[in-house]
Protein chains: 2
Amino acid sequence: MTKDVDASRPAGLVYDAWRGVLFATSRTLQIAEPDLIAKAGFPLTWLDVLAQLYDAADDGLRMQELEQRSLFTRSGLTRLVDRIESAGLVRREAVAGDRRGVRVVLTPEGRRRHDAAFADHNKFIEREFGRRLTEAQLQAVAEALATFWHDDEAAAKG
Amino acid sequence: MTKDVDASRPAGLVYDAWRGVLFATSRTLQIAEPDLIAKAGFPLTWLDVLAQLYDAADDGLRMQELEQRSLFTRSGLTRLVDRIESAGLVRREAVAGDRRGVRVVLTPEGRRRHDAAFADHNKFIEREFGRRLTEAQLQAVAEALATFWHDDEAAAKG
DNA sequence: AATCAGTAGTTGACATAACAGAGAGTGTTA
DNA sequence: TAACACTCTCTGTTATGTCAACTACTGATT
C-alpha cells in the first residue's frame, strides 16, 4: 500500500471507516430496495420524491426545488416524476404567475401510499441496519456522520 | 443481536445513524466519481474491479469470484469487464481444466492505471471524507461498521 | 455411452440514469 | 417594443445496469 498518506494519522484508518460506510450503504440498500418494491410497489427513488413532497407545504414543490433536495439531475427528475405521475401518486399543477413553472403535488392516494411505504421502510431499516449495531455504536455513528447531512439542510435553506 | 430489536432504544437513533451513513456515502461519491474520471479516465466501477484483481493472485479471478466480491450481478459484470477489456486494462483467459470458465487478469497497463487511480482516489477520500471526522470518530465508525464487510469476506471464502 | 441436473458465462429485451441542447416564458435594457 | 440574457422544464441520444433466457460445458447416474 502507499506510504505517502498523512503520516500523523494511522494509515488505513480513514479507508477502513470509508469502506465501512460504503458497504453498510450498499448492503443495506441491496436488500431494502426489493423489500420496498414488494411491499409498497415502488422503488426507493419514488419514496425519496414522495417524502420530499410530504415534508413540503401543501402546495408541493417546483421541479427545481425537488432537484436541490434530491440526488437527481434535472432531466432524471422529469422522467421520474413522469412515472410517479402516471401511477397517480403526484400531480403537476401550473404555477400562478410563471407559466414556465410546474408545481408537483401529492395526490391523496400518493399521501396514503407514502405513509405506508415510509413506515414499512423505517421498520426494515430498524431491523436490518439497526440490528447489527449496539446502541453505543449507533450513537457514535450518528454523531460522527451528522456533518454530512447538515450540509444538505444548509444548502436547501440557503 | 440476532432477532429482537431492543425496544428500549431511543426511537430516532437508528434512523439518524442510517441517515448519516447514507448521506456520507452519496455526498462523498458525488464528488469522488467526477474526480476519479478526470484523473484516471475511468469511473469507480472500473476501479472496484481493478482493485479486486490487484488484490488477487497473479492469475486473476473468475467472473464468478468477481461477482461475489463486488456489488454487481453476473450479467452486469460481463458487460463491465467487456468495457474494461476493450480499454486494454484486463484480459480474459481460458481456465485450464474447465472450458466453461474464464479468468480475468490485469494487463501491465491495467496494473499501472490501477496504481495511479488507487493512489489518487485514496488521497481524495482522505481529504474529503477523512477531513470531516476526528481520529476518534473514524475509529468508532470503522469499528461499528466493520460487520458489513466482514460478511462479504466470509461469503467470498465460504 | 446416453442422459440429465447443475454450473459458467453471455446475450436480448428492457428500465433508468446522465449529458447536451431545444423550446417556451420572463424581465430588463435601450 | 425589440432585443437579449436568463430561467424553467422537457426531449434526444447515449451509457449502464437488471432479469430472463440461452449456449456450452461438467460430472454423476444409469
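Each chain gets a letter, A, B and so on, in the order its sequence line appears, and its residues count up from 1. Note that the structure is a prediction, hence the values are computed from the model and not measured.
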Q: Which whole-number value in Å describes the distance from Glu33(A) CD to dC19(D) P?
A: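 After rounding, the gap between these two atoms is 10 Å.
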Q: Do Arg132(A) and Phe148(B) meet the cation-pi criteria used here (NZ or CZ under 6.0 Å from the six-membered ring centre, within 45° of the axis)?
A: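 Ring-cation test returns yes.
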Q: Given dC19(C), dG9(C), dC10(D), identify the nucleotide with an atom nearest to the side chain of Thr78(A).
A: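 Of dC19(C), dG9(C), dC10(D), dC10(D) is nearest to the side chain of Thr78(A).
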Q: Take atom CZ of Phe72(B) and atom P of dT10(C), then tell me their distance rounded to the nearest Å.
A: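 Taking atom P of dT10(C) as the reference, CZ of Phe72(B) is at 15 Å.
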Q: Run the salt-bridge test on Glu93(B) and Arg91(B) with the 4.0 Å N-O cut-off and return the result as yes or no.
A: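 Counted as a salt bridge, because a side-chain N and a carboxylate O are separated by less than 4.0 Å.
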Q: DNA chain D: Met63(A) or Gly97(B), which has the more 5' nearest nucleotide?
A: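 Final value for this comparison: Met63(A).
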Q: Looking only at the side chain of Val102(B) (C-beta and beyond, no hydrogens), which of the listed nucleotides dT9(D), dG12(D), dG9(C) gets closest?
A: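 Per side-chain heavy atoms of Val102(B), the pick is dG9(C).
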Q: Between the base of dT7(D) and the side chain of Arg100(A), is there any donor-acceptor pair under 3.5 Å?
A: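 Yes.
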Q: Answer yes when Arg92(A) and Asp82(A) have at least one side-chain N-carboxylate O distance shorter than 4.0 Å, and no when they do not.
A: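 Salt bridge flag = yes for Asp82(A) with Arg92(A).
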Q: Which part of the nucleic acid, if any, lies within reach of Arg83(B) when heavy atoms closer than 4.0 Å are counted: base, sugar-phosphate only, or nothing?
A: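 Result for Arg83(B) = sugar-phosphate.
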Q: Which whole-number value in Å describes the distance from Glu85(B) CD to dG9(C) C1'?
A: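 The distance from CD of Glu85(B) to C1' of dG9(C) comes to 13 Å, rounded to the nearest Å.
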Q: Using whole Å, report how far CG of Leu44(A) lies from C1' of dA17(C).
A: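 Distance check: Leu44(A) CG to dA17(C) C1' gives 16 Å.
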Q: Which part of the nucleic acid does Gly76(B) contact within heavy-atom distance under 4.0 Å: base, sugar-phosphate only, or nothing?
A: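 It contacts base atoms.
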Q: Verify whether the ring centers belonging to Phe129(A) and Tyr15(B) lie closer than 6.0 Å.
A: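 Ring centroids of Phe129(A) and Tyr15(B) are no less than 6.0 Å from each other.
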Q: Could you state the atom-to-atom distance from CZ of Arg74(A) to P of dT16(C) in whole Å?
A: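 To the nearest whole Å, that distance equals 22 Å.
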Q: Round to the nearest Å and state the distance from Arg79(A) atom CZ to dT13(D) atom P.
A: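 Distance check: Arg79(A) CZ to dT13(D) P gives 11 Å.
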Q: Whole angstroms only, please: what is the CG-P distance between Asp82(A) and dA15(C)?
A: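 Spelled out: CG on Asp82(A) to P on dA15(C) is 15 Å.
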Q: Is any side-chain nitrogen or oxygen of Arg99(A) closer than 4.0 Å to OP1 or OP2 of dT26(C)?
A: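 Answer is yes, contact under 4.0 Å.
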Q: Whether Arg62(A) contacts dT9(D) is assessed here as follows: a side-chain N or O lying under 4.0 Å from the phosphate OP1 or OP2. Is that the case?
A: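 For Arg62(A), the contact criterion (side-chain N or O under 4.0 Å from OP1 or OP2 of dT9(D)) is met.
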Q: Whole angstrom is fine here: how far is it from CD in Glu93(A) over to C1' in dC8(D)?
A: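 Interatomic distance, CD of Glu93(A) to C1' of dC8(D): 17 Å.
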Q: What contact category does Ser75(A) fall into here, base, sugar-phosphate, or nothing, at under 4.0 angstrom with non-hydrogen atoms?
A: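 Touches a base.
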Q: Would you please say whether a donor-acceptor pair under 3.5 Å links the side chains of Glu65(A) and Gln52(A)?
A: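 Gln52(A) and Glu65(A) do not have a side-chain donor-acceptor pair below 3.5 Å.
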Q: With heavy atoms under 4.0 Å as the rule, sort Arg92(B) into base, sugar-phosphate or nothing.
A: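 Counting heavy atoms under 4.0 Å across all strands, the contact made by Arg92(B) is with sugar-phosphate only.
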Q: Would you mind telling me which residue lines up with the more 5' stretch of DNA chain C, Glu65(B) or Thr73(A), judged by nearest nucleotide?
A: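 Its nearest nucleotide lies further toward 5', so the answer is Glu65(B).
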